[in-house]
Chemist: 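If you scroll down you'll find the structure; I have some questions about it.
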Amino acid sequence: MINNPELAKEIIAKRVAKELKDGQLVNLGIGLPTLVANYIPEGVHVIFQSENGITGMGPMARPEEEDKNITNAGGQYVTVLPGAAFFDSAFSFALIRGGHVDVTVLGGLEVDQEGNLANWIIPGKIVPGMGGAMDLATGAKKVIVAMQHTGKGQPKILKKCRLPLTAKGKVSLIVTELCVIEVTKEGLLLKEINKETTIDEVKSLTEANLIIPDDVKYMDV
C-alpha cells in the first residue's frame, strides 16, 4: 500500500495520461484529474476541455503565470495553449452532451463492478454537488475514473455503490495508485498492478470481485 497521498495522486495522474491518444478532446474533472495535464507523454497532442468554457487548456499555472480570468472548473489557475478558445457554459455543455468529448477523467468516491460511478453526495459534505459529472459520464465516449484505491482505509471499488449514482454503467477504466482495472461485460478485469504491491493486497483492498488473468502487468509510471 502507498501511504503518501501526494505520491499516490502523481502515480494515478501519470498512468491516466498514458491512456490519452493524439488528437483527442479530453475533459478533466475537478481535483485529482486536473493533474493529468502535467504528464502528457512527449509527442502526444490532446485538446483539453474544461466545462466552465475552455478548449486548449494547458498545464496548471505556476505562480508567475496565474491569471484570475483563466481557471479550470475547479477554480484552479491554469494555462492555455496557442489556439485555445473560450465560450459560455451552454456551448461547453453542447460539446459534452453532443458526444464530442473523446475521454473524460473523473474522480470517484465509489465505483462498482457494474461500472456505476458515485462521485458526489449531499451538498455541504464530501463534495458539494455533482457539477458537470453527470453530463460528462453520460456524454463522453470513454470514462476513466482516477481515484485513490481506498478512502479512510475502506474500499472504494465495491460490489454495489452505496452513495447516490452519478452515472450508471458508464465507467470504462479505473486507475488507482495500486492498479488499473478495465470494466467489462463479465466484470472488473485486473489489467495492471503497481510494482510496489501484490495481487493479494489489491484483492484485500477491493470489495468488488476481480477477474484476474494470468498476464497481469506492472503499471508503467
Chemist: Counting only N and O atoms by type, is there a donor-acceptor contact under 3.5 Å from the side chain of Thr34 to the main-chain atoms of Gly31?
Modeler: yes
Chemist: Give a yes or no on this: more than 12 heavy atoms of other residues, nucleotides or ligands lie within 6.0 Å of atom CD of Glu42.
Modeler: no
Chemist: Any chance you could measure Asn4, atom CG, to Glu10, atom CD, to the nearest 0.5 Å?
Modeler: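 It is 9.0 Å, given to the nearest 0.5 Å.
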Chemist: Which atoms form the tightest heavy-atom contact between Lys18 and Asp220, and what is the distance?
Modeler: CE-O, 2.8 Å
Chemist: Establish, from distance only, whether the side-chain atoms of Thr197 and Glu201 form a donor-acceptor pair under 3.5 Å.
Modeler: yes
Chemist: Taking the side chain as C-beta and beyond, is there a heavy-atom pair between Leu35 and Lys9 under 4.5 Å?
Modeler: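 Touching, per the 4.5 Å side-chain cut-off.
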Chemist: Under a 4.5 Å cut-off applied to non-hydrogen side-chain atoms, are Lys217 and Lys191 in contact?
Modeler: no
Chemist: Going by atom types only, do Asn27 and Glu51 share a side-chain donor-acceptor pair under 3.5 Å?
Modeler: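 On atom types as modelled, these side chains qualify, holding a pair under 3.5 Å.
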Chemist: Are a donor atom and an acceptor atom from the side chains of Glu182 and Ser172 found within less than 3.5 Å of each other?
Modeler: no
Chemist: Within the distance-only criterion (no hydrogens, no angle test), does the side chain of Thr138 pair as donor or acceptor with the backbone N or O of Met134 below 3.5 angstrom?
Modeler: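 Looks like yes, one N/O pair under 3.5 Å.
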Chemist: If you apply the rule side-chain contact (heavy atoms from CB on, under 4.5 Å), what do you find for Val171 with Asn116, and how did you get there?
Modeler: CA-CA 6 Å; Val171 177; Asn116 300 325; over 6 Å; no
Chemist: Restricting to non-hydrogen atoms, name the atom on Ala146 and the atom on Val16 that form the minimum distance, rounded to 0.1 Å.
Modeler: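 Closest approach of Ala146 to Val16, heavy atoms only: CB-CG2, 4.0 Å.
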Chemist: Is Asp102 salt-bridged to Lys141, going by a charged N under 4.0 Å from an acidic O?
Modeler: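 Yes.
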Chemist: Between Leu136 and Leu106, is a side-chain contact (heavy atoms from CB on, under 4.5 Å) present by the stated rule, with each step listed?
Modeler: CA-CA 9 Å; Leu136 287 162; Leu106 298 172; 4.1 Å; yes
Chemist: Any Lys/Arg nitrogen of Glu207 or Lys156 sitting under 4.0 Å from an Asp/Glu carboxylate oxygen of the other?
Modeler: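 Judged by the 4.0 Å cut-off on N to carboxylate O distance, Glu207 and Lys156 do not form a salt bridge.
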Chemist: With a 6.0 Å cut-off (strictly less than), is the heavy-atom count around CZ of Phe87, excluding the residue itself, greater than 12?
Modeler: yes
Chemist: side-chain contact (heavy atoms from CB on, under 4.5 Å) for Val202 and Leu210? Distances and angles first, verdict last.
Modeler: CA-CA 9 Å; Val202 171; Leu210 294 175; 4.0 Å; yes
Chemist: Nearest 0.5 Å please: distance from the CD1 atom of Ile211 over to the CG atom of Leu188.
Modeler: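 It comes to 7.0 Å.
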Chemist: Would Arg15 and Glu192 count as a salt bridge (charged side-chain N to carboxylate O under 4.0 Å, His left out) here? Give the steps.
Modeler: CA-CA 11 Å; Arg15 179 59 188 83; Glu192 303 171 17; 2.8 Å; yes
Chemist: CD1/Ile157 to SG/Cys179 distance, rounded to the nearest 0.5 angstrom?
Modeler: 5.0 Å
Chemist: Distance check, rounded to the nearest 0.5 Å: Ser89 atom OG versus Asn52 atom CG?
Modeler: 7.0 Å
Chemist: Is any side-chain heavy atom of Thr176 closer than 4.5 Å to a side-chain heavy atom of Ile174?
Modeler: yes
Chemist: Which heavy-atom pair separates Ala137 from Ala167 by the least distance, and what is that distance?
Modeler: CB-CB, 3.5 Å
Chemist: Does any part of the side chain of Val46, heavy atoms only, come nearer than 4.5 Å to the side chain of Asp22, both counted from C-beta?
Modeler: no
Chemist: Just so I know, are the side chains of Thr71 and Gln76 near enough to count as touching, which here means a heavy-atom distance under 4.5 Å?
Modeler: no
Chemist: Assess the residue pair Glu114 and Lys170 against the criterion (salt bridge (charged side-chain N to carboxylate O under 4.0 Å, His left out)); give the C-alpha distance rounded to whole Å, side-chain angles, the decisive distance to 0.1 Å, and a yes or no.
Modeler: CA-CA 9 Å; Glu114 297 175 9; Lys170 293 294 184 179; over 6 Å; no
Chemist: Counting C-beta onward and ignoring hydrogens, is there a side-chain heavy-atom pair between Met57 and Asn72 closer than 4.5 Å?
Modeler: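 A side-chain contact under 4.5 Å exists here.
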Chemist: Run the side-chain contact (heavy atoms from CB on, under 4.5 Å) test on Met147 and Ile12 for me, step by step, so that the C-alpha distance in whole Å, both residues' side-chain angles and the decisive distance to 0.1 Å come before the verdict.
Modeler: CA-CA 7 Å; Met147 66 178 189; Ile12 295 165; 5.9 Å; no
Chemist: Check the surroundings of atom CG in Asp214: do more than 12 heavy atoms from other residues, nucleotides or ligands lie under 6.0 Å from it?
Modeler: no
Chemist: Are any of the side-chain heavy atoms of Leu20 and Tyr39 separated by less than 4.5 Å?
Modeler: no
Chemist: Do the side-chain N and O atoms of Asn119 and Thr166 include a donor-acceptor pair separated by under 3.5 angstrom?
Modeler: yes
Chemist: Taking atom CD1 of Ile47 and atom CG of Leu81, what is their separation to the nearest 0.5 Å?
Modeler: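 Answer for the CD1-CG pair, Ile47 versus Leu81, is 9.5 Å.
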Chemist: Just verifying a value: how many Å separate Thr184 OG1 and Leu173 CG, rounded to the nearest 0.5 Å?
Modeler: 11.5 Å
Chemist: Side chains of Tyr77 and Arg62, heavy atoms from C-beta outward: is any pair under 4.5 Å?
Modeler: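 No, too far: nothing below the 4.5 Å cut-off.
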